[in-house]
Asks: 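Below is the structure I would like to discuss, written out as structure tokens.
Numbers for residues simply follow the sequence, beginning at 1. Values in this document were obtained by computation on a predicted structure and should not be read as measured data.
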Amino acid sequence: MTNNLTVIVLAAGGGTRMRSKTPKVLHPVCGRSMLGHVLHAVQTLEPRQVVAVVGHQRELVGPHVKELLPDALLAVQEDQLGTGHAVRVAVEAAGGIGSGTVLVAYGDTPLLEGESLRAFAAEHEAAERAVSILSGIVPAPFGYGRVVRDADGDVVAIVEEKDATPEQREIHEINSGILAFDAAFLAEALPQIGNDNAKGEYYLTDCVQLARDAGLTVGAYPLEDVLQTEGANDRAQLADLGREMNRRILTRWMREGVSVMDPATTWVDADVELAQDVTILPGTQLLGATVVGEDAVIGPDTTLQDCEIGAGARVVRTHGQLAVVGQDANVGPFAYLRPGTHLGEGGKIGTFVETKNSTLAAGAKVPHLSYVGDAEVGEGTNIGAGTIFANYDGVAKHRTTIGRHARTGSNNTFVAPVTVGDGAGTGAGTVVREDVPAGDLAVSAGPQRNVEGWVLRRRAGTAQAAAAEAVRDSAHTASDADVDGVGGTPPPGGES
């Protein structure tokens with residue numbers, strides 16, 4: 001197949017059955033919009049030109065197309081008057097299409113694969129046809145347009161369900177709507193398409209009859225995997241396509257050496273990259289551009305979006321976004337990695353720990369019940385349980401720096417901006433407001449003071465007071481017994 005190929009993607013429809021303020025073609029499936037999946041497939045063909053026809057909510061659809069495919073040309077269909085009208089608008093916007101092949105696809109067929117389009121276009125060119133139809137053989141063709149062939153196998157018509165004879169309704173080859181044209185023929189045929197029908201629309205499939213009338217060849221290319229041509233008109237169909245795409249993604253990764261323990265509860269987006277011998281446990285979602293290195297174990301019950309997970313890392317019951325986890329590091333359970341988190345090799349972010357915009361160097365550990373925000377934690381440092389990095393003063397965020405091999409006590413608060421030097425330590429309950437030099441120990445709490453009898457005076461009548469009083473009564477009883485010589489050591493010179 002030559003690269004003298006123009007692709008027209010139809011994305012102008014309103015999609016009213018979606019019942020959504022979001023344009024139909026922009027609804028997401030496995031991490032990309034439906035339109036994004038189609039453009040991805042189209043790009044693999046390396047076409048000479050891509051023209052996207054936009055109309056309904058074009059102020060949203062158009063920029064999305066340009067973001068994904070900057071070289072694409074946008075053609076605006078002001079009024080949706082059918083597929084024939086849409087393709088005519090595209091050809092006019094392109095200033096003509098010259099020679100070669102024109103492939104017409106739809107923006108709501110997310111399962112469509114580039115290799116299928118490539119094979120279809122190649123077969124069309126090899127057969128030197130005026131029109132080729134991407135078709136499919138289905139066991140229950142009700143509702144689809146039928147591909148009618150003659151005795152020689154050439155296509156003579158596409159007949160819609162409502163117009164089909166009883167014999168034609170028995171045909172199982174259906175029209176997907178995806179078509180390939182000889183460019184010169186299409187340029188001649190488009191002005192001849194009429195709108196003498198119930199809807200007053202211009203149908204691109206009328207080109208089949210125009211080609212036959214001109215004595216030109218029309219053929220069909222049955223696609224074995226006909227689900228690739230399925231579109232989504234409502235949320236239920238969208239969910240069905242999502243499940244099918246996820247199944248295909250997981251199957252591909254499992255065949256490439258990834259262990260997925262429970263595919264039914266695992267979701268992996270189309271742009272996720274997984275290395276060999278990754279293990280994904282039940283209840284896991286890997287979203288966006290997440291990358292997971294070999295031998296890493298993810299899950300159970302973990303959601304990672306746009307994260308990078310190093311080889312051999314373990315991430316358990318964790319929610320992460322835009323975070324980096326180093327090789328052989330451990331995260332979770334019940335950890336929250338917010339954007340900007342960077343955990344070094346062999347490090348640990350443990351149970352009920354939240355991190356944000358912070359770097360923890362190799363071997364650094366935050367094992368329990370802590371918040372680490374806007375911080376640098378040095379190599380080999382251990383952060384005690386219940387620690388808060390107080391990074392916000394009510395107006396601005398500030399950073400905290402903890403040096404290498406520091407040891408901080410439990411229930412510390414680091415009031416940023418503050419620096420704790422290499423090898424320094426802090427006592428339990430310390431509030432660090434000033435820098436701690438390397439090797440020093442910071443202690444902010446004063447000596448403990450016990451207020452005697454406070455509970456009995458201030459909490460009288462409570463279970464707390466009753467418990468305390470019982471202990472005191474027991475102590476008094478023991479003391480009285482010792483004074484009376486009962487129990488304990490016998491008095492000197494007396495009898496036992």
Side-chain angles (χ1 to χ4, degrees), residues 6-20 23-26 34-35 38 51-58 61-62 65 73-94 96-97 102-109 130-135 141-148 155-165 168-169 174-181 183 185-214 218 220 229-234 237:
T6 296
V7 180
I8 297 172
V9 180
L10 306 185
T16 55
R17 280 181 283 177
M18 282 289 185
R19 298 186 180 274
S20 175
K24 179 175 80 167
V25 296
L26 298 193
M34 287 198 285
L35 179 56
V38 175
V51 185
V53 181
V54 299
H56 180 74
Q57 292 182 284
R58 59 182 178 269
V61 179
V65 172
L73 177 66
L74 297 180
V76 177
Q77 187 184 25
E78 295 288 354
D79 299 308
Q80 280 71 68
L81 300 177
T83 52
H85 178 255
V87 171
R88 190 168 71 204
V89 167
V91 171
E92 291 171 354
I97 49 178
V102 179
L103 185 67
V104 179
Y106 292 82
D108 66 343
T109 54
V131 185
S132 290
I133 303 157
L134 187 62
S135 64
F142 179 80
Y144 291 96
R146 308 302 204 277
V147 176
V148 181
V155 174
V156 296
I158 298 174
V159 180
E160 297 304 319
E161 172 83 23
K162 63 182 183 301
D163 300 321
T165 64
Q168 290 170 338
R169 289 194 179 100
I174 62 168
N175 169 37
S176 73
I178 298 172
L179 301 169
F181 295 93
F185 165 74
L186 181 63
E188 294 179 1
L190 285 173
Q192 301 178 55
I193 297 175
N195 65 342
D196 185 16
N197 52 63
K199 291 187 175 181
E201 294 184 352
Y202 300 87
Y203 296 133
L204 190 60
T205 49
D206 287 356
C207 288
V208 172
Q209 189 60 51
L210 292 172
R212 294 289 300 181
D213 292 344
V218 179
T229 67
E230 285 289 318
N233 292 313
D234 57 34
Q237 291 177 344

Asks: Applying salt bridge (charged side-chain N to carboxylate O under 4.0 Å, His left out), which residue pairs with at least one partner in residues 75-84 are found, sequence neighbours left out?
Replies: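 For residues 75-84: Arg58-Glu78.
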Asks: How close do Phe185 and Ala130 get, counting heavy atoms only, and between which atoms?
Replies: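 The pair with the smallest heavy-atom distance is CD2-O, 3.8 Å.
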Asks: Of all residues at least two apart in sequence or in a different chain, which pass the side chain to side chain contact (heavy atoms under 4.5 Å, CB included) check with Ala214?
Replies: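 Side chain to side chain contact (heavy atoms under 4.5 Å, CB included) check on Ala214 returns Leu216.
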Asks: Answer yes or no: is there a side-chain heavy-atom contact under 4.5 Å between Thr229 and Ile174?
Replies: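 The answer is no; the side chains never approach within 4.5 Å.
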Asks: Considering residues at least two apart in sequence or located in another chain, which fulfil the side chain to side chain contact (heavy atoms under 4.5 Å, CB included) criterion with Thr205?
Replies: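 Expected list: Ile158, Asn175, Tyr203.
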Asks: Which heavy atom in Ile178 sits nearest to a heavy atom in Ala105, and how many Å separate them?
Replies: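 Heavy atoms only, the tightest pair is CG1-CA, 4.4 Å.
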Asks: Which residues satisfy the side chain to side chain contact (heavy atoms under 4.5 Å, CB included) test with Thr165, sequence neighbours excluded?
Replies: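 Thr165 satisfies side chain to side chain contact (heavy atoms under 4.5 Å, CB included) with Glu167, Gln168 only.
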Asks: Please check: side-chain N/O of Ser132 versus main-chain N/O of Ala180, any donor-acceptor pairing under 3.5 Å?
Replies: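 Not a single qualifying donor-acceptor pair exists.
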Asks: Can I get a per-line list of side-chain donor-acceptor pairs under 3.5 Å for residues 186-199, giving both atom names and the distance, sequence neighbours left out?
Replies:
{"from": "Gln192", "atom 1": "NE2", "to": "Glu188", "atom 2": "O", "distance (Å)": "2.9"}
{"from": "Asn195", "atom 1": "ND2", "to": "Gly200", "atom 2": "O", "distance (Å)": "3.4"}
{"from": "Asn195", "atom 1": "ND2", "to": "Tyr202", "atom 2": "OH", "distance (Å)": "3.4"}
{"from": "Asn197", "atom 1": "OD1", "to": "Lys199", "atom 2": "N", "distance (Å)": "3.2"}
{"from": "Asn197", "atom 1": "OD1", "to": "Gly200", "atom 2": "N", "distance (Å)": "2.7"}
{"from": "Asn197", "atom 1": "OD1", "to": "Glu201", "atom 2": "N", "distance (Å)": "3.1"}
{"from": "Asn197", "atom 1": "ND2", "to": "Glu201", "atom 2": "O", "distance (Å)": "2.7"}

Asks: Side chains of residues 81-90: which donor-acceptor partners sit under 3.5 Å, not counting sequence neighbours?
Replies:
{"from": "Thr83", "atom 1": "OG1", "to": "Leu204", "atom 2": "N", "distance (Å)": "3.0"}
{"from": "His85", "atom 1": "ND1", "to": "Gln77", "atom 2": "NE2", "distance (Å)": "2.9"}

Asks: Check side chain to side chain donor-acceptor pair (under 3.5 Å) between Ser20 and all other residues, then give those that pass, not counting sequence neighbours.
Replies: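 By the side chain to side chain donor-acceptor pair (under 3.5 Å) rule, Ser20 matches His27, Arg235.
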Asks: Quick one: side chains of residues 141-148, donor-acceptor pairs under 3.5 Å with protein atoms, not counting sequence neighbours, listed by atom name and distance.
Replies:
{"from": "Tyr144", "atom 1": "OH", "to": "Glu230", "atom 2": "OE2", "distance (Å)": "2.8"}
{"from": "Arg146", "atom 1": "NE", "to": "Ile171", "atom 2": "O", "distance (Å)": "3.1"}
{"from": "Arg146", "atom 1": "NH1", "to": "Pro141", "atom 2": "O", "distance (Å)": "3.3"}
{"from": "Arg146", "atom 1": "NH1", "to": "Tyr144", "atom 2": "O", "distance (Å)": "2.7"}
{"from": "Arg146", "atom 1": "NH1", "to": "Glu161", "atom 2": "OE1", "distance (Å)": "2.5"}
{"from": "Arg146", "atom 1": "NH2", "to": "Glu161", "atom 2": "OE1", "distance (Å)": "3.1"}
{"from": "Arg146", "atom 1": "NH2", "to": "Arg169", "atom 2": "O", "distance (Å)": "3.1"}

Asks: Taking all non-hydrogen atoms of both residues, which atom of Ala211 and which atom of Val131 are closest, and how far apart?
Replies: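 Here Ala211 and Val131 meet closest at CB-CG2, 4.1 Å.
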Asks: Identify, with sequence neighbours excluded, every residue that meets side chain to side chain donor-acceptor pair (under 3.5 Å) alongside Ser135.
Replies: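 Result, side chain to side chain donor-acceptor pair (under 3.5 Å) vs Ser135: Glu173.
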Asks: List for me each residue that meets side chain to side chain donor-acceptor pair (under 3.5 Å) alongside Thr109, sequence neighbours excluded, and say none if there are none.
Replies: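 If we apply the side chain to side chain donor-acceptor pair (under 3.5 Å) test to Thr109, skipping adjacent residues, there are no hits.
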Asks: Closest heavy-atom contact between Gly107 and Val25?
Replies: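 Minimum heavy-atom contact is O-CG1, 3.6 Å.
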Asks: Heavy atoms only: give me the nearest Ala11-Val61 pair and the separation to one decimal.
Replies: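 Answer, listing the atom of Ala11 first, then Val61: O-CG1, 4.1 Å.
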Asks: State which residues pass salt bridge (charged side-chain N to carboxylate O under 4.0 Å, His left out) with Arg17; sequence neighbours excluded, sorted by chain then number.
Replies: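 So Arg17 forms no salt bridge (charged side-chain N to carboxylate O under 4.0 Å, His left out) with any residue.
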Asks: Are Asn233 and Asp108 close enough that some pair of their side-chain heavy atoms sits under 4.5 Å apart?
Replies: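 Heavy-atom side-chain distance check passes, below 4.5 Å.
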Asks: Between Tyr106 (side chain) and Gly231 (backbone), is there a donor-acceptor pair under 3.5 Å?
Replies: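 Not at all, since once roles are kept as given, no pair shorter than 3.5 Å links the two residues.
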Asks: Do you know the tightest heavy-atom contact between Ala12 and Val54?
Replies: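 Taking Ala12 first and Val54 second, the nearest heavy atoms are CB-C, 3.6 Å.
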